[in-house]
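Notes follow the structure.
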Amino acid sequence: MRVSRLMLVTLRDVPADAEIPSHQLLVRGGYIRRIGSGIYAYLPMMWKVLRKINAIVRAELNHLGALETLLPQLQPADLWERSGRWQGYTEGEGIMFHLEDRQNRQLGLGPTHEEVITELAGDLLRSYRQLPVTLYQIQTKFRDEIRPRFGLMRGREFIMKDAYSFHANQEDLENTYQAMATAYARIFERCGLEAVAVDADSGAIGGAASQEYMVTAAAGEDLILTSSDGLYAANQEKATSRPPVALPLAAGEERMIETPDQSSIEQLCAANGLDPTQTVKVLVLLARLDDGREQPTLVSLRGDQDLNEVKLANAVSRSLNAAVLEIRPISENQLCQQDLSEFPFGAIGPDLSDTALKGCRSWENHFLRLADATALDLPRFVCGANSKDQHCWGRTWDAMPAQIKADLRTARAGDQCVHDPSQTLSECRGIEVGHIFQLGRKYSEALDARFTNSAGQQEALLMGCYGIGISRLAQAAVEQHHDEAGISWPLGIAPFQVIVVIAKIQDPTQVALAEELYQSFLDAGIDALLDDRDERAGVKFKDADLIGIPWRIVVGRDAGEGKVEVVERSTRCSTSVPHQEAFQQVKDSISTHL
RNA sequence: CGGGGCGUGGCGCAGUUUGGUAGCGCGGGUGCUUUGGGAGCACUAGGUCGCAGGUUCGAAUCCUGUCGCCCCGACCA
């Protein structure tokens, strides 16, 4: 391709709406244009990058025997009603775009395809003899994100590869899950990305085992905790660790202490010579469930620990057997609306009585009581006395209402690891580019997708599901591979592998040599770009750096002697060599890399 | 959804406080000079100042409404 015909429009100024380097560079380099909030056009070079990523993904999945399909984006609501996700995905902070057709039928734009694929599988897969089957598609997805941001990182329309596997037994599911994990590692490696697999929460999709693939980058939206020996890595949403050892409370009788103006753990400890590990704090939250229930919830944590909301939402869902739509602290305003009198905020204990909820308007009239192990393991502790400005010193759990034990604390950098106390966790940021789940039978049961097993009985299909954010991956690659001058694409996904720059277009010698080199690359099957524009050399160099082609060959002053300059984008190393040698060097580097 | 901010040629911005009919840089076009790291000079095209009302002799500027976009948050009493 010739740059003169590429519709290359690069920008010198940083676009006002782009915050992070990858977003700025993709816009400046002429790769993407914003059409609306969270909606982007992929310009020709970007589409080339995306197609290269797709090709790698296809090759690796086809290698596993997965079958490519293309599923509808427009999906009937009744399908989602049967899986029980229509309400959660469309109401409140639901992320599904939905619409009505001229017959007033409800439809959704697919944010994911479990429903469609499970329906199809139930229809087509009738015998264990047909299993296992893995289907995948590379498809545009729609999600009405609460806050789209960072260009392609969190868009409302984006490209995703999603795969679904179907199995007759758990062992088979685990085999495919492992094979997929291996394929993912190869995909990210071939894309030139440094990605780590971390234990993850399975979130709204549901299911059991789940791992996320994170591209490490400062602009990442997720926090990852890893052990120094490399044996443990997890998203902070899911991470576990050994809490610090609590200091024992001095001997003494249980007693009330006056604690005026000591509503926080810090204040309480400072005023009474306590360590936060000697206290239990109680958070009061309201969980909204997808069956309409509004459940007041008391959460007890050791004073030095932080609540992990994701773990909490999961624990509440398990306890109440309903999905949590939202969970947040109860405000005084809400108490008023429920006709309830004020709670003793700042001095609440785990034994706050259910009578505090008596007469409420729409809430459940009893508390769900959850406690983290760090709190339950304290033999004696200080906690709120449920009356303003009073705490209770030396309490025990004996006299408390029953608590549901759950892991509710946030693991932090510096904590000791569960697998080996000599290891500690450290944190880094990551961009989630892939996620694999063992779904189990959640969707196949809801949608009645059954097959006949070897014993002749009907059984729900076991499922796995595996996603890669293709467009996000492309931007993550830029986030991981750029410098002050611009993008530095990994060779495997660069829109072009080499750019031949004619320094001075008026010089026929330069033009002839450059054309010859360019043609040789094309003949060798290499994706080459020829900068044949009538621009000053400096402009062409700046553009080449900005758009990030891995190899640049400059045909300039020494063209008369047949010599050209070879520049490697990633290292910015440049050498002046005879043109045959330049061709060979670039060709070799490309063939060994791919 | 809560808070903050911004909408002025294709892009980045000034002008708005104190109303007087629009400007700078980049980019585009033409010409001359220049020619290996985003050239110089000259000329030139391009904007109902997001939209709709209102106030006024007069509105980018003041008032009301509305739409769009960006940022922060939706956190532990």
Side-chain angles (χ1 to χ4, degrees), chain A residues 8-20 23-24 27-28 30 33-39 91-94 144 146-151 154 156 236 259 261-268 276 279-285 297-312 326-333 335 342-349 352 372 375 384 388-389 391 408-410 412 484-486 501-507 510 531 533-547 552 554-559 564-565 567 572 574 576:
Chain A
L8 179 67
V9 179
T10 56
L11 302 176
R12 207 190 293 222
D13 292 322
V14 175
D17 58 358
E19 284 281 305
I20 60 174
H23 184 194
Q24 294 172 351
V27 175
R28 284 188 54 213
R33 277 295 163 104
R34 195 180 67 81
I35 300 300
S37 177
I39 306 171
E91 280 171 24
E93 304 211 320
D144 191 1
I146 298 173
R147 183 142 92 86
R149 60 181 131 182
F150 303 146
R154 187 168 293 280
R156 298 198 296 169
Q236 190 180 42
T259 54
D261 298 322
Q262 298 167 25
S263 58
S264 71
I265 294 292
E266 298 76 55
Q267 292 162 335
L268 177 70
T279 67
V280 166
K281 65 178 171 190
V282 178
L283 313 176
V284 196
L285 305 109
T297 303
L298 293 179
V299 179
S300 297
L301 291 165
R302 200 172 74 189
D304 61 316
Q305 297 300 310
D306 291 327
L307 176 67
N308 181 320
E309 275 196 36
V310 174
K311 291 180 180 178
L312 174 65
E326 179 187 70
I327 188 155
R328 50 177 59 177
I330 288 175
S331 67
E332 295 184 12
N333 212 354
L335 293 176
E342 202 184 319
F343 287 0
F345 287 125
I348 291 175
L352 180 64
D372 185 73
K388 204 142 184 65
D389 300 336
H391 280 72
L408 300 170
R409 58 182 281 278
T410 302
R412 290 182 286 223
E484 330 73 56
V501 176
I502 308 171
K504 189 174 180 178
I505 198 81
Q506 288 82 5
D507 181 343
Q510 292 185 17
D531 197 342
R533 291 176 298 172
D534 183 9
E535 288 284 354
R536 297 164 63 85
V539 172
K540 294 190 258 199
F541 296 158
K542 289 282 188 194
D543 275 344
D545 286 345
L546 176 60
I547 66 177
R552 181 173 99 211
V554 182
V555 182
R557 290 183 289 243
D558 303 330
V564 298
E565 192 183 343
V567 186
R572 311 195 80 178
S574 108
S576 182

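Protein chains get the first letters and strands the later ones, always in sequence-line order, with residue 1 at the start of each.
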Quiz prompt | Atom P, compared across B:G47 and B:C51: separation rounded to whole Å | solution = 14 Å

Quiz item: To the side chain of A:D13, which of B:G73, B:C11, B:C76 is closest?
Solution: B:C11

Validation: residues 9-18 of chain A side-chain donor-acceptor distances under 3.5 Å, sequence neighbours left out:
{"unit_1": "A:T10", "atom_1": "OG1", "unit_2": "A:D543", "atom_2": "OD1", "d": "2.9"}
{"unit_1": "A:D17", "atom_1": "OD2", "unit_2": "A:R34", "atom_2": "NE", "d": "3.1"}

Quiz item: Over how many whole Å does the gap from A:L285 atom CG to B:C76 atom C1' extend?
Solution: 8 Å

Exercise. Nearest whole angstrom, please: distance from the C1' of B:G10 to the CG of A:D17.
Key: 15 Å

Self-check item: Same-atom distance (P) from B:U66 to B:A74, integer angstrom
Solution: 28 Å

Quiz prompt | Pair A:E565-A:S574, side-chain donor/acceptor within less than 3.5 Å | solution = yes

Quiz prompt | Comparing A:A16 and A:G36 on RNA chain B - which has the more 5′ nearest nucleotide | solution = A:A16

Practice problem: Hunt down the Watson-Crick or G-U wobble partner of B:G23, both distances under 3.5 Å, from any strand shown, or write none. | Solution: B:C13

Self-check item: Paired nucleotide for B:U18 [Watson-Crick or G-U wobble; both distances under 3.5 Å]
Solution: none

Quiz item: Looking at NZ of A:K311 and CG of A:L408, how far apart are the two atoms once the value is rounded to the nearest 0.5 Å?
Solution: 8.0 Å

Quiz prompt | Distance in angstrom units between A:I327 CD1 and B:C75 P, rounded | solution = 10 Å

Quiz item: Closer than 4.0 Å, any side-chain N/O of A:S37 to the OP1 or OP2 of B:C70?
Solution: yes

Quiz prompt | Letter per nucleotide, 5' to 3', of nucleotides 32-44 of chain B [B base touched, S only sugar-phosphate touched, - untouched; heavy atoms, 4.0 Å] | solution = --BSBBBB-----

Quiz item: Who are the side-chain hydrogen bond (donor to acceptor under 3.5 Å, both in side chains) partners of A:R28, not counting sequence neighbours?
Solution: none

Exercise. Tell which nucleotide pairs with B:C1, taking only Watson-Crick or G-U wobble pairs whose two distances are both under 3.5 angstrom.
Key: B:G73

Practice problem: Starting at atom CZ of A:R33, determine the distance to atom C1' of B:G12, rounded to an integer number of angstrom. | Solution: 13 Å

Exercise. Starting from P on B:C76, measure out to CZ on A:R412 and report it in whole angstrom.
Key: 15 Å

Exercise. Can you tell me the distance, in whole Å, between the CD1 atom of A:I146 and the P atom of B:C70?
Key: 15 Å

Quiz item: Who is the Watson-Crick or G-U wobble partner of B:G68, with both distances under 3.5 Å?
Solution: B:C6

Quiz item: Should A:N308 and A:Q236 be marked as a side-chain hydrogen bond (donor to acceptor under 3.5 Å, both in side chains) after you check the CA-CA gap, both sets of side-chain angles, and the distance that decides it?
Solution: CA-CA 9 Å; A:N308 181 320; A:Q236 190 180 42; over 6 Å; no

Practice problem: Specify the residue among A:R149 and A:V14 whose closest nucleotide of RNA chain B lies further upstream toward the 5′ end. | Solution: A:V14

Practice problem: Please state how far atom CD1 in A:I330 lies from atom C1' in B:C75, giving the value in whole angstrom units. | Solution: 16 Å

Quiz prompt | Lys NZ or Arg CZ of A:R552 over A:F541 ring: under 6.0 Å, within 45° | solution = yes

Quiz item: Whom does B:U35 pair with, Watson-Crick or G-U wobble, provided both distances fall under 3.5 Å?
Solution: none

Quiz item: Considering every strand shown, what is the Watson-Crick or G-U wobble mate of B:A42 when both distances are under 3.5 Å?
Solution: B:U30

Quiz prompt | Touch class at under 4.0 angstrom, heavy-atom based, for A:E19 against every strand present | solution = sugar-phosphate

Quiz item: Please give, in whole Å, the distance from B:C11 C1' to A:H23 NE2?
Solution: 14 Å

Quiz item: Is A:L283 touching bases, backbone alone, or none of the nucleic acid, heavy atoms closer than 4.0 Å?
Solution: sugar-phosphate

Quiz item: Is the shortest side-chain N/O distance from A:R147 to OP1 or OP2 of B:C71 below 4.0 Å?
Solution: yes

